[in-house]
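Everything below concerns the one structure shown next.
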Amino acid sequence: MKTLASPNQPIGSLTVAELEALITETVRRVLREEIHGTIPNNGEAISEEFFATFGTWEDDRPADEIVAEIYTNRTVSTVDIDL
């Protein structure tokens with residue numbers, strides 16, 4: 001991942017690949033912190049196994065087609081919840 005030249009570098013100056021790498025690294029860091037905070041003993045093994053799945057899914061369809069499929073396959077629950 002390319003590191004930003006300065007903390008004030010505008011996001012708009014990044015390429016799509018650089019922005020994707022920045023987002024991926026940020027998500028990894030936040031998730032790693034969350035996993036270690038909730039699972040202190042096994043957090044490292046779980047997080048590395050989980051992070052190994054990053055970037056493994058690819059789809060050549062356009063984004064609007066993928067979103068349409070997601071909405072088509074969603075279900076609505078009508079279960080009443082007693083509070």
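The model shown is predicted, which means the values in this text are computed figures rather than measured ones. Atom set for the values below is all heavy atoms of this structure, side chains included, hydrogens, waters and symmetry mates excluded.
- Taking Ile, Leu, Val, Met, Phe, Trp and Tyr as hydrophobic and joining them when side-chain heavy atoms fall under 4.5 Å apart, one finds Y71 in a cluster with V67.
- In this structure, CD in E65 is found 11.5 Å from CD1 in I70, a value given to the nearest 0.5 Å.
- In this structure R61 satisfies the side chain to side chain donor-acceptor pair (under 3.5 Å) test together with D59, E69, sequence neighbours excluded.
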